[in-house]
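What follows is one structure encoded as C-alpha cells, with my remarks underneath.
What you see is a predicted model, and the numbers here were worked out from it, not measured in a lab. Reckoned from all heavy atoms, side chains included, excluding hydrogens, waters and symmetry mates.
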Amino acid sequence: MRVLVTGGAGFIGSHLCERLLSDGHEVICLDNFFTGSKQNISHLLDNRNFELIRHDIIQPILLEVDRIYNLACPASPVHYQYNPVKTVKTSVMGTINMLGMAKRVRARILQASTSEVYGDPQVHPQTEEYWGNVNPIGIRSCYDEGKRVAETLMMDYHRQNGVDIRLVRIFNTYGPRMAENDGRVVSNFIIQALKGEDITVYGDGSQTRSFCYVDDLVNGLVAMMNRDSFIGPVNLGNPAETSILEFAERIISLTGSRSRVVFKPLPADDPKQRQPDITLAGEKLGWKPSVPLEDGLKNTIAYFSGRMK
Ligand code: NAD
Ligand code: UDP
C-alpha cells in the first residue's frame, strides 16, 4: 500500500515510517520540519519505497494514497505554545485538508489524538467514554481544543461523507529521537542528569504520568489502522503510573548522575493525574505495551548520551 505519514520526520512519525517500510509499504513522509528533522529520517532516504515531501498541512495538497496517518502537530507544551494560533490551524485546517484527501481518494485515515482531550481529568484512570475536563481559554487550550476539534472533524467526515476513519488517543510516549529542546519531562530530566545539572521538577512533583515506549505505541497505531470495523476512539498508552518526583529519582539512579532535584513553579493547567485505561485496546486490538519503563529508559538514555558526544 501507499501510506502517507504527516509529521513523519518527528519523533513518533519517524519510528512509524521505519515500521511501515519494514512491513513492505511505500511511504510518503510529509513534514514542515517545525519540530521534526531530516536527521530523524536520514537513514530512510536511500530506501526506494520512501519519499519525503516538505509541506505544511495547513495548505491543501493533492496526493494519491491508500492510507493516511495524520501525526503532524507539535506535541510538547513548549513547542505548541510557541505559536498557539498556528497550533490550532494545524489541528483544524490541517485535519480538514487530510480528511478532504481521504474523502477524494477513499483512503483510510488515522488521527493522532491525545490524552489531553481529557484535560485535567476528574475520572481516573481515563476511559474513552470520559468527556474530559478541559480549560477552553488556557495556555494548553490551543493544543487540547485543537485536538478535540480534530476528533469532531473526523467523526463528522465519517458520518457525513462515509470517510473511513480511525481515532487514537495517545498518552505520554518516549524514546529515541525525542527532540532535545522540546522541554518534555523525559528529555529534560535525562539531559539534565547526563550533564550533571539540576533536575527541574515542576510543582511538588506529586503529579503523575504514565509513560509508553515508542515501539509499543507504533505497534498500537499499526494495529488500529489495520483493524476493520472499529473506528475508536481508543486509548494507547502504558498504564504504569509514576509521580514526576519518583520519575526524577529513577532517572538519577539509571544515569548514575550526581544531579540534585530542584523545584520550579508548576505551569498553568498542568494535569494532576494521568493514566490510560487500555481495556478497549486489549479487547479490540489485542494490544498492550510490553516494554518495561526501565528498558525503554535505558535505550533513551543511550540515545541522548550518544548525541551529546
Ligand atoms: P513531534 O513534534 O516530534 O512530531 C510532530 C511532527 O509534525 C514534526 O515532525 C513537525 O515538524 C511536524 N509538523 C508540525 N506541524 C506541522 C504542519 N503544520 N505541517 C506539517 N508538519 C507539521 O511530536 P511527536 O511526539 O512525534 O507527536 C506526533 C503526534 O502524536 C502529534 O500529533 C502529537 O499531538 C501526538 N501525540 C504525541 C504524544 C507524545 O507523548 N509524544 C502524546 C499524545 C499525542
Ligand atoms: N515537568 C517537570 N519538569 C520538566 C518538564 C516537565 O516537572 O522539566 C512536568 C510537567 O509539569 C508535567 C509532567 O512533567 O507535570 C509531564 O510534562 P510533559 O511536558 O513531558 O508532558 P505533558 O504535561 O504534556 O503530559
Side-chain angles (χ1 to χ4, degrees), residues 10-16 18-19 69 71 75-77 110-121 123-130 132 147 166-179 182 184-190 201 205-227 232-251 253-255 270-304:
F11 158 51
I12 297 175
S14 61
H15 288 273
L16 178 62
E18 220 169 74
R19 163 69 189 272
Y69 288 86
L71 269 58
S76 87
L110 179 147
Q111 170 65 15
S113 187
T114 167
S115 53
E116 290 281 328
V117 300
Y118 303 123
D120 189 2
V123 166
H124 195 79
Q126 294 80 56
T127 61
E128 291 81 355
E129 286 82 47
Y130 180 47
K147 289 284 187 179
R166 297 289 178 276
L167 263 177
V168 163
R169 294 183 179 149
I170 301 170
F171 284 64
N172 295 66
T173 301
Y174 71 98
R177 300 196 206 121
M178 295 186 85
D182 75 3
R184 279 188 270 195
V185 70
V186 177
S187 43
N188 270 11
F189 284 7
I190 292 177
V201 169
S206 63
Q207 72 273 31
T208 68
R209 295 293 185 273
S210 309
F211 297 102
C212 183
Y213 191 63
V214 65
D215 290 354
D216 281 332
L217 195 268
V218 165
N219 284 341
L221 294 178
V222 171
M224 184 59 177
M225 182 60 108
N226 291 340
R227 172 74 157 82
V234 67
N235 289 337
L236 292 181
N238 191 322
E241 187 181 0
T242 162
S243 78
I244 295 303
L245 187 56
E246 280 164 11
F247 190 65
E249 281 153 6
R250 195 184 269 249
I251 299 284
S253 117
L254 283 173
T255 50
D270 200 279
K272 284 182 274 306
Q273 242 189 335
R274 183 181 290 154
Q275 184 193 35
D277 182 319
I278 56 165
T279 312
L280 189 64
E283 280 169 16
K284 296 287 188 183
L285 311 175
W287 178 87
K288 67 172 170 24
S290 66
V291 180
L293 187 58
E294 181 131 344
D295 297 355
L297 284 177
K298 281 184 184 158
N299 290 347
T300 314
I301 291 166
Y303 168 78
F304 281 117

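Annotation: side chain to side chain donor-acceptor pair (under 3.5 Å) contacts of E283 (sequence neighbours excluded): none. Considering only residues two or more places apart in sequence or on other chains, T300 meets the side chain to side chain donor-acceptor pair (under 3.5 Å) condition with none of them.
No donor-acceptor pair under 3.5 Å is formed between the side chain of K272 and the backbone N or O of P121. The closest donor-acceptor contact from the side chain of Q275 to the backbone of P239 lies under 3.5 Å. For the pair T255 (side chain) and S253 (backbone), a donor-acceptor distance under 3.5 Å is absent. The closest donor-acceptor contact from the side chain of R166 to the backbone of R227 lies under 3.5 Å.
The minimum heavy-atom distance between F304 and S187, with the atom names listed, is CZ-CB, 3.7 Å. For V117 against S113, the heavy-atom pair with the smallest separation is CG1-OG, 3.5 Å. Q273 and Q126 get closest at one heavy-atom pair: O-NE2, 4.1 Å. The nearest pair of heavy atoms linking V201 to F189 is CG2-CZ, 3.9 Å. Residue I12 comes nearest to L71 through the heavy atom pair CG2-CD2, 3.9 Å, listed as atom of the first residue, atom of the second, then distance. The minimum heavy-atom distance linking E128 with Y118 is given by the pair CA-OH, 3.4 Å.
The distance from the CE atom of M178 to the OH atom of Y303 is 10.0 Å, given to the nearest 0.5 Å. The line from CG of N235 to OG1 of T127 is 7.5 Å long, rounded to the nearest 0.5 Å. Here the CG atom belonging to L221 is positioned 5.0 Å from the CD1 atom belonging to I170, to the nearest 0.5 angstrom. Taken from CG in L217 to CG in L16, the straight-line distance is 9.5 Å, to the nearest 0.5 Å. Atom CG of L254 sits about 6.5 Å away from atom NZ of K298, to the nearest 0.5 Å. Rounded to the nearest 0.5 angstrom, N172 CG and S115 OG are separated by 5.5 Å.
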Would R250 and T242 count as a side-chain contact (heavy atoms from CB on, under 4.5 Å) here? Give the steps.
CA-CA 10 Å; R250 195 184 269 249; T242 162; 5.7 Å; no
Show the numbers, then the answer: is there a salt bridge (Lys or Arg N to Asp or Glu O under 4.0 Å) between R177 and E18?
CA-CA 13 Å; R177 300 196 206 121; E18 220 169 74; 2.7 Å; yes
For side-chain contact (heavy atoms from CB on, under 4.5 Å), just list the numbers for L297 and F247, CA-CA rounded to whole Å, side-chain angles, deciding distance to a tenth of an Å, and then say yes or no.
CA-CA 11 Å; L297 284 177; F247 190 65; 3.9 Å; yes
Using the rule given for side-chain contact (heavy atoms from CB on, under 4.5 Å), can you reason through V168 versus Y69, listing the C-alpha separation, both sets of side-chain angles and the distance that settles it, and then say yes or no?
CA-CA 10 Å; V168 163; Y69 288 86; over 6 Å; no
Can you list the steps and then say if N219 with R19 is a side-chain contact (heavy atoms from CB on, under 4.5 Å)?
CA-CA 9 Å; N219 284 341; R19 163 69 189 272; 2.7 Å; yes
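Two residues are said to be in side-chain contact when any heavy atoms from C-beta on lie closer than 4.5 Å; V234 and K284 fail this criterion. Annotation: side chain of V185 is not in contact with side chain of Y174 (no heavy-atom distance under 4.5 Å).
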Show me the donor-acceptor pairs, under 3.5 Å and distance only, between side chains in residues 208-216 and residues at least two apart or in other chains.
from	atom 1	to	atom 2	distance (Å)
T208	OG1	E241	OE2	2.5
T208	OG1	R274	N	3.1
R209	NH1	P271	O	2.9
R209	NH2	D270	OD1	3.1
R209	NH2	P271	O	3.4
S210	OG	R274	O	2.8
Y213	OH	N299	ND2	3.1
D216	OD1	S290	N	3.1
D216	OD1	S290	OG	3.3
D216	OD2	S290	N	3.0
D216	OD2	V291	N	2.9

